[in-house]
Amino acid sequence: MDRRRWVGLVCAATVTVLAAVSAVRAGGPGAGDGKAGDDTPGFRAEDMDKSCKACDDFFQYANGNWIKNNPIPPEYASWGSGMIVFENNQKQLDEILGAAAANTGAAAGSNERKVGDFYGSCMDESAINAAGAKPLDEEFARIGSLKDKKEMAALAAHLHAQAVGVFFVFASTQDLKDSSKVTGEADQGGLGLPDRDYYTRADADSKALREKYVAHVTKTFVLLGDSAERAAVEAQTVLALETALAEASWTNVKLRDPEIQYHVTRRDGLAKMTPHFAWAEYFAGTGHPELSEINVGQPDYFAAMDKEIEGRSLEEWKTYLRWHLISHAAATLSEPFVQENFDFNARTLAGSKELRARWKRCAGATDIYLGEALGQIYVAKYFPPDAKAQVLEMVGNLRAALSEDIPTLSWMSAETKKAALAKLEAFHVKIGYPDKWRDYSGLQVDRGSYALNTLRGARFETARDLNKIGKPVDRTEWGMTPPTVDAYNNSQLNEIVFPAGILQPPFFDPKRDAAFNYGGMGAIIGHEITHGFDDQGGKFDLHGNMKDWWTEKDLKEFQSRGDCVAKQFDGYVVEGDLHMNGKLVEGESIADLGGLVIAYVAYQKYLEGKSRAADANGFMPEQRFFLGYANSWKSHMRPELAKLQANTNPHPLPKFRANGAVSDMAEFAKAFGCKRGDAMVREPACKIW
């Protein structure tokens, strides 16, 4: 688990178990691949709601009929453009994995054998159901054998190695002030609900959700064989302990500031901060007894955690540890555990109605644990070199657009402009797949227990991650697998990364109208580029070091412009009294606006020396550009997921991302003839780039 703490992920197609996709092929209705039969190159006019004016609600105008005609499938909590791509990718992975699983003659230890065996073990439902929770017997025995609280540190290291999130998070990370160095870092964690606010809010909905959580914990302990009476007491213990940790945790808005999370601490300092947690035993348990110092992200959290360790009984902590082990592994166990895990984490929290098909879950799991082994086969089949070349050309035009824009900014001084241009020039671009593939030779995979395969996979990845501590930074490494439908900016590496998985229709199609490509994929690329200059990325220099490279006056001006964006999003209503949290989504919204602005300029640059593109079905190129942008956010979600995302996610809801950026752009108003007073014309408009 690589700690990319200051990575800005574009949520064009961020797909999780809670917001996965249904069985619709990319290129089908609504995907718009520009082939013969489409009404316009790149989009389908019948997906638009022309009863709504573009200047009143552009998202509805561009996508309304598609949303009406494409209900969310019962197994998912949301459905839209990103999920169309994800679903198609999953089918492609299933074809690869099915063939690998059938090829029992593949060489032992080969990547094909490993992915085939992992997938095959996941697909063996009869064996999984027969085993129940037995694959975890050894782990539960470790917890049960604890004799005193001093032993919990070593056990925590063992559980962390298997991605069981107890107490806190520990992983490798680049030093915030020396990007050439990899250090260890400890951050707050250890909760079972999505965010600390789920424990601390006093409103009726939050109280009701906590009651459902307690019921979920109770049912899971009963499935493990505990009596109903004992399980009910255990669930209350879990809630009380997690609530204490939550009350000491920082808010998700506070966690957006890297400057206040740099606390390099030596062992004597750790001992003073947490005298009841044995760090020497913990580091030994991680396989790194030599560690003499780490960064502690939130010192006050660890001080509070230590008080809880001192003040609560060993039996209470055993209950907590048992809960986090079973909660982490439930989806890999027999059907009763899978269904109970789904019922709370997907149905209650996100609104999904049905469990995803097993093949989809198994394809996703294989991508998680063997992503680059699987990715090598995926890109060879589904990501041709000409697609990569076109994306690189688009990136070049976007970088050129921003490099020409920065010198014209009236609010930025010459000194800051020089530093910004140097940072932009130093940007590293990764497209499609790694130049150096990950080595899985040390990972043991067999056709036996699926649960044990996942635990071994987690141990392999944790060891790989922690072994980077003290070594030079590997700038060739990727933080996402090639089939991933997403993209990111890593400010500590000063890079933008676009896996092959997202470079598919409807975001990008090499055969499609350039206006639509620039409005869709171009804006996503621009989003990631401008993340390097948002409220987080702007705190890192061209080398990836946390450093003040703005003049004081320029920084205040930038922050003022960022506040404009935050206030804009504060005004968007999710449901009832729940609004978007402007400060939480500020960075993503700045990047959306900046990305769309420079994508528009880049499209004009692309047109230089070319004859003007013809109108298509009544839409001129400039309009098709903005329709491409709105199409990338084509999505709707269940109310439960909308509330979950609004409360916890730094990305705004899709409708607000589509409408927010365009309403700040005079070019949009001109393209669609919008006037002052129209909803899609903000006054005063937020403007950064």
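Atom set for the values below is all heavy atoms of this structure, side chains included, hydrogens, waters and symmetry mates excluded. Just so it is clear, the structure is predicted and the values come from calculations on it, not from any experiment.
- Here Tyr369 and Phe118 bring their ring centres to under 6.0 angstrom of each other.
- A heavy-atom distance below 4.5 Å is found between the side chains of Met637 and Pro654.
- A 4.5 Å side-chain heavy-atom check between Ser632 and Ser81 finds every atom pair outside the cut-off.
- Within the 4.5 Å cutoff, no side-chain heavy atoms of Gln90 are placed close to those of Asp94.
- When all heavy atoms of Ser589 and Pro652 are compared, the pair lying nearest together is OG-CG, 3.3 Å.
- Qualifying side-chain contact (heavy atoms from CB on, under 4.5 Å) partners for Glu622, counting only residues two or more places apart in sequence or in other chains: Tyr600, Arg612, Met620, Ala671.
- Of the N and O atoms on the side chains of Asn65 and Glu46, not one donor lies less than 3.5 Å from an acceptor on the other residue.
- When every heavy atom of Asp534 is checked against every heavy atom of Gly587, the shortest pair comes out as OD2-O, 3.7 Å.
- The residues Glu425 and Arg399 are annotated as not salt-bridged, no charged nitrogen and carboxylate oxygen being separated by less than 4.0 angstrom.
- Between Phe672 and Phe668, a ring centre-to-centre spacing shorter than 6.0 Å is recorded.
- A donor-acceptor contact closer than 3.5 angstrom links the side chains of Ser441 and Asp439.
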CA sep, side-chain torsions, deciding dist, call: Thr484, Asp486, side chain to side chain donor-acceptor pair (under 3.5 Å): CA-CA 6 Å; Thr484 302; Asp486 215 328; over 6 Å; no

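- Cys52 pairs by the disulfide (SG to SG under 2.5 Å) definition with nothing, not counting sequence neighbours.
- Taking 4.5 Å as the limit, every side-chain heavy atom of Asn517 sits out of range of all side-chain heavy atoms of Tyr603.
- A donor-acceptor pair under 3.5 Å is formed between the side chain of Ser663 and the backbone N or O of Asn659.
- Using modelled atom types, one side-chain atom of Asn489 and one backbone atom of Glu528 make a donor-acceptor pair closer than 3.5 Å.
- Side chain to side chain, His543 and Asn545 fail the donor-acceptor criterion of an N or O pair below 3.5 Å.
- The aromatic rings of Tyr433 and Trp437 sit parallel to each other, their planes meeting at less than 30°, with 60° as the upper class boundary.
- For the pair Lys50 and Tyr61, the cation-pi criterion (under 6.0 Å, within 45° of the ring axis) is not fulfilled.
- Between Lys655 and Asp57 a salt bridge is recorded (basic side-chain N to carboxylate O distance below 4.0 Å).
- Remark: of the listed residues Lys436, Lys471, Lys468, Lys468 is the sole one forming a salt bridge (charged side-chain N to carboxylate O under 4.0 Å, His left out) with Glu477.
- Asn453 approaches Asp117 most closely through the heavy-atom pair ND2-O, 4.3 Å.
- Put simply, the side chain of Gln504 never gets that close to the backbone of Val85: no donor and acceptor are under 3.5 Å apart.
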CA sep, side-chain torsions, deciding dist, call: Leu421, Ser403, side-chain contact (heavy atoms from CB on, under 4.5 Å): CA-CA 6 Å; Leu421 288 168; Ser403 68; 4.1 Å; yes

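- Put simply, the side chain of Lys417 never gets that close to the backbone of Ala419: no donor and acceptor are under 3.5 Å apart.
- Taking the ring axis of Phe86 as reference, the NZ or CZ atom of Lys91 does not stay both within 45° of it and closer than 6.0 Å to the ring centre.
- For the atom pair CD (Gln376) and CD (Glu372), the distance works out to 7.5 Å, reported to the nearest 0.5 Å.
- Judged purely by atom type and a 3.5 angstrom limit, Asn494 has no side-chain atom pairing as donor or acceptor with the backbone of Gly544.
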Worked check of side chain to side chain donor-acceptor pair (under 3.5 Å) between Lys114 and Asn111: CA-CA 5 Å; Lys114 288 180 190 290; Asn111 280 346; over 6 Å; no

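- At least one donor-acceptor pair closer than 3.5 Å links the side chain of Asp664 to the backbone N or O of Cys686.
- A salt bridge links Arg464 to Glu461: at least one charged side-chain nitrogen sits closer than 4.0 Å to a carboxylate oxygen.
- Judged by distance alone, with hydrogens and angles left aside, the side-chain atoms of Asp592 form no donor-acceptor pair with the main-chain N or O of Arg657 at under 3.5 Å.
- Salt-bridge annotation for Asp513 and Arg624: present, with a side-chain N of the basic residue lying under 4.0 Å from a carboxylate O of the acidic one.
- Within the 3.5 Å criterion, the main-chain N or O of Asp386 finds no donor-acceptor partner in the side chain of Gln390.
- With hydrogens and angles left out, the side-chain atoms of Glu588 and His531 include a donor and acceptor closer than 3.5 Å.
- Aromatic rings of Tyr119 and Trp359 (six-membered ring for Trp) have centroids beyond the 6.0 Å cut-off, not under it.
- The side-chain heavy atoms of His636 and Trp66, taken from C-beta on, include a pair separated by under 4.5 Å.
- In this structure, Ile590 and Thr530 have side chains that are not in contact, with every pair of non-hydrogen atoms separated by 4.5 Å or more.
- Considering only heavy atoms from C-beta on, Leu503 stays 4.5 Å or farther from Lys388 through its side chain.
- Inter-residue side-chain proximity for Tyr378 and Asn89 is flagged as met; some heavy-atom pair is nearer than 4.5 Å.
- The backbone N or O of Ser78 lies less than 3.5 Å from no partner atom in the side chain of Arg638, so there is not a single donor-acceptor pair.
- For Tyr518 and Tyr606, the gap between ring centers is short of 6.0 Å.
- Counting non-hydrogen atoms of other residues, nucleotides and ligands closer than 6.0 Å to CG of Asp435 gives a total of 12 or fewer.
- Residues Glu586 and Arg256 are not paired through a salt bridge, judged by the lack of any N-O separation under 4.0 Å between the basic side chain and the carboxylate.
- No donor-acceptor pair under 3.5 Å is formed between the side chain of Lys634 and the backbone N or O of Gly80.
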